[in-house]
Colleague: 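Below is one structure. I have some questions about it.
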Amino acid sequence: MEMEKLVSLCKRRGFLFQSSEIYGGLNGFWDYGPLGVELKRNIKDAWWRDMITGHDDLSVLTGAPAKYQMVGLDCTIIMHPQVWKCSGHYDLFHDFMVDCRQSKKRYRHDQVRGRWVEAKGKKIFVSTTAEAAEEEAETERKALKFFKLRSKNADELSWTSDFVSLSAMSDFAEVLGPDANELGTLTPPREFNLMFKTIVGALGSEDDAAFLRPETAQGIFANFKNVVDSSRVKIPFGIGQVGKSFRNEITPRNFTFRSREFEQMEVEFFCRPEESQEWYKYWRDRRYQWYLDLGLADERLQLRDHDSDELSHYSTGTADIEYAFPFLPSGEFGELEGIAHRGNFDLRSHMEGKLNPNTNPLELETNEHGQPKHRGSGKDLSYRDKETNERFIPHVIEPSAGADRAALAFLCEAYCEDEAPDEKGKMQSRTVLKLHPRLAPIKAAIFPLVKKDGLPELAQQIYRELKQDHNVFYDETGAVGRRYRRQDEIGTPFCITVDSQTLQDKTVTIRDRDSLEQSRINMNDCATEVARRIAGKGKVCSENPS
RNA sequence: GCGGGUGUAGCUUAGUGGUAAAGCAAUGGCCUUCCAAGCCAUCCAUGAGGGUUCGAUUCCCUUCACCCGCUCCA
């Protein structure tokens with residue numbers, strides 16, 4: 001499937017528009033049109049229903065280690081700045097980057113290391129991005145090449161310093177960049193603010209700087225105690241939240257896949273440390289199945305466990321649910337959702353202060369004076385088991401999904417060009433969105449076959465009745481075939497048509513979008529039939545010829 | 001952020017230093033008894049800003065957006 005066709009359809013039919021399009025657009029921001037907003041809302045509603053309000057906390061769900069509770073939360077986008085300092089985002093999202101004018105590469109300032117060397121009366125700083133084990137050999141190789149020396153003359157190189165990070169350098173004039181063969185090609189370090197900054201208060205100054213949240217999760221951690229104290233939840237339980245997050249992406253690209261403003265659907269699931277591994281596996285598999293149940297094909301969906309070297313020290317497991325988006329090279333997948341075992345890192349960071357994620361066991365990150373780099377709240381965020389009277393800091397499993405990425409994946413999966421007969425029975429190509437009925441923006445369209453003999457009045461009667469429970473659409477213009485095709489293109493799963501036979505026996509036809517099959521049902525049964533078909537329809541996207 | 005490419009109607013394309021053309025779509029009619037039919041009518045465009053010029057959609061500059069490749073992806 002070509003991405004341009006889907007992008008074009010999204011615009012033409014009102015799923016997605018570029019933000020501020022009349023002013024030329026804004027890179028990394030997208031608006032949802034009348035149909036897109038319904039699709040995205042259906043995705044969020046399905047998630048909320050399946051994870052939170054519809055959750056059966058009295059039964060042990062298939063694959064789950066035990067019964068558990070689920071509650072929701074809706075936190076503010078702007079939070080106390082200390083939240084982001086303790087969460088690690090403040091440090092992590094303020095990278096200093098240097099660019100190389102020669103190699104055109106960009107490096108994280110603190111990840112480039114090197115040492116001073118002198119030869120032939122000239123002193124230079126040789127830098128590299130190589131691993132610590134190889135940096136000595138790598139800098140020697142580079143120095144030899146720069147001074148045009150043979151390996152056997154390596155003793156002519158006089159190393160005058162230990163390895164230091166580029167961040168310790170004040171001037172790059174004598175620096176040989178990691179991929180450069182001349183000096184002074186590195187630009188001064190520039191700050192990349194990946195969090196959106198704003199000022200709180202009408203007269204606020206830089207001291208009143210605050211940030212738009214780069215994830216919804218921290219609001220849940222910050223409210224952990226409030227939820228425990230107010231809602232009678234007992235561990236194990238989860239807190240879910242759906243909402244906007246903001247990241248100043250360096251390169252937004254691939255339609256809505258990497259946007260600067262996006263919506264997340266996150267659960268923070270709190271459990272006993274010794275049971276956390278089982279819960280991690282449960283959530284990983286449960287979330288994967290959710291996408292399958294809503295129609296993503298398993299050959300385009302994968303559950304990828306992170307390798308141990310990708311994991312944070314405090315995490316005993318992280319998996320990504322990934323989808324083979326059509327804009328990616330063949331064989332590559334893009335992340336829809338990450339399920340991370342986060343240990344007690346977050347709750348402890350908000351208690352004690354920012355922890356150093358590279359320590360094991362976790363230690364407080366300190367500044368040059370030995371003081372905490374970012375002070376925590378000092379509040380006790382531990383949990384007391386009312387039965388055993390045991391107090392502990394829960395471990396956290398975090399399934400974190402992107403609503404916009406899910407919407408994009410469902411659209412990509414649903415887009416389909418197949419054939420349908422025209423009025424002469426000849427096969428014509430048709431564009432159809434084979435969206436799961438739960439996700440389809442419009443559940444059913446109601447047509448009078450012709451605009452006379454009282455058929456419109458009957459159709460409108462059905463329309464009004466269905467409207468009470470579903471988002472339905474009424475259309476009486478043009479040939480009925482054209483109306484069917486219009487609905488196919490926006491993914492409407494069912495079309496109900498009133499014809500002359502309705503006048504005699506009160507039956508109407510209901511047409512299935514995917515099979516094109518029509519069956520006659522009593523016009524008074526339309527609402528129940530549509531509800532039955534939406535609920536009963538399993539996987540509808542089993543075939544995707546593109 | 002770098003390099004290359006592209007911007008004409010909702011979409012697909014045409015064209016020109018001097019009135020911007022068509023098909024499809026949309027809208028309103030007529031006609032139509034089940035899968036994009038037909039007829040009539042209507043609506044809509046040179047991404048933005050500046051320069052050269054009597055005159056710029058066309059030439060030049062800047063900018064914005066999109067696509068491809070690098071980079072980045074917390």
Colleague: Name the nucleic acid region contacted by A/R483, choosing base, sugar-phosphate or nothing; use a 4.0 angstrom heavy-atom cut-off, strictly under.
Modeller: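 If one applies the 4.0 Å heavy-atom cut-off, A/R483 turns out to touch nothing in the nucleic acid.
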Colleague: Please give the distance between the C1' atoms of B/A48 and B/A56 as a whole number of Å.
Modeller: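 Going atom to atom, C1' in each nucleotide, I get 15 Å.
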Colleague: May I ask you to say what A/R253 touches in the nucleic acid, namely base, sugar-phosphate or nothing, with a heavy-atom cut-off under 4.0 Å?
Modeller: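 Base contact.
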Colleague: A/L455 near the nucleic acid: base, sugar-phosphate alone, or nothing, with a heavy-atom cut-off under 4.0 Å?
Modeller: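 No contact.
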Colleague: Looking at A/K5 and A/E417, is any side-chain nitrogen of the basic one under 4.0 Å from a carboxylate oxygen of the acidic one?
Modeller: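 Yes, charged N to carboxylate O under 4.0 Å.
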Colleague: When the side chains of residues 446-463 of chain A are checked against the rest of the protein, which donor-acceptor pairs come out under 3.5 Å, sequence neighbours left out?
Modeller:
from	atom 1	to	atom 2	distance (Å)
A/Q460	NE2	A/Y474	OH	3.1
A/Y463	OH	A/K467	NZ	3.0

Colleague: What nucleic acid atoms does A/Q501 come within less than 4.0 Å of, heavy atoms only: base, sugar-phosphate, or nothing?
Modeller: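 Nothing: the residue A/Q501, judged by heavy atoms under 4.0 Å, touches no strand.
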Colleague: Mark yes or no for a side-chain to base donor-acceptor pair under 3.5 Å between A/T509 and B/C34, with no hydrogen or angle criteria applied.
Modeller: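 Counting by modelled atom types and ignoring angles, a donor-acceptor contact under 3.5 Å is found here.
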Colleague: A/N27 near the nucleic acid: base, sugar-phosphate alone, or nothing, with a heavy-atom cut-off under 4.0 Å?
Modeller: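 Contact class for A/N27: sugar-phosphate only.
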Colleague: For the CZ atom of A/R213 and the CD atom of A/Q264, what is their distance to the nearest 0.5 Å?
Modeller: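 If we round to the nearest 0.5 Å, A/R213:CZ and A/Q264:CD are 8.0 Å apart.
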Colleague: Flag the pair A/R511 and A/D488 as a salt bridge only when some basic side-chain nitrogen lies within less than 4.0 angstrom of an acidic carboxylate oxygen.
Modeller: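 Counted as a salt bridge, because a side-chain N and a carboxylate O are separated by less than 4.0 Å.
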Colleague: I'd like to know if A/R485 reaches the base of B/A36 with its side chain such that a donor and an acceptor end up less than 3.5 angstrom apart.
Modeller: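 A donor-acceptor contact between them is present.
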Colleague: Roughly how far apart, to the nearest Å, are B/C11 and B/C44 at atom C1'?
Modeller: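 Going atom to atom, C1' in each nucleotide, I get 12 Å.
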Colleague: Pick the closest RNA chain B nucleotide for A/F327 and for A/S500 by heavy atoms, then say which residue is nearer the 5' end.
Modeller: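 Looking at the nearest nucleotide for each, A/S500 comes out on the 5' side.
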Colleague: CG/A/N27 to OG/A/S19 distance, rounded to the nearest 0.5 angstrom?
Modeller: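 It is 10.5 Å, given to the nearest 0.5 Å.
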Colleague: Is any side-chain N or O of A/R482 closer than 4.0 Å to OP1 or OP2 of B/A37?
Modeller: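 For A/R482, the contact criterion (side-chain N or O under 4.0 Å from OP1 or OP2 of B/A37) is met.
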Colleague: Out of B/U32, B/A74, B/C34, which has the shortest distance to the side chain of A/K451?
Modeller: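 The answer is B/U32.
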Colleague: Distance from A/F325 atom CZ to A/F257 atom CZ, nearest 0.5 Å?
Modeller: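 Reported value, rounded in 0.5 Å steps: 5.5 Å.
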Colleague: How do A/R430 and A/R260 order along RNA chain B: which one's closest nucleotide is nearer the 5' end?
Modeller: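 Final value for this comparison: A/R430.
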Colleague: Check every strand shown and say whether A/D453 touches a base, only sugar-phosphate, or nothing at a heavy-atom separation below 4.0 Å.
Modeller: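 Base, at least one base atom sits under 4.0 Å.
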Colleague: Using atom names, set out every protein N or O paired with an N or O of nucleotides 41-48 of chain B below 3.5 Å, distance rounded to 0.1 Å.
Modeller:
none

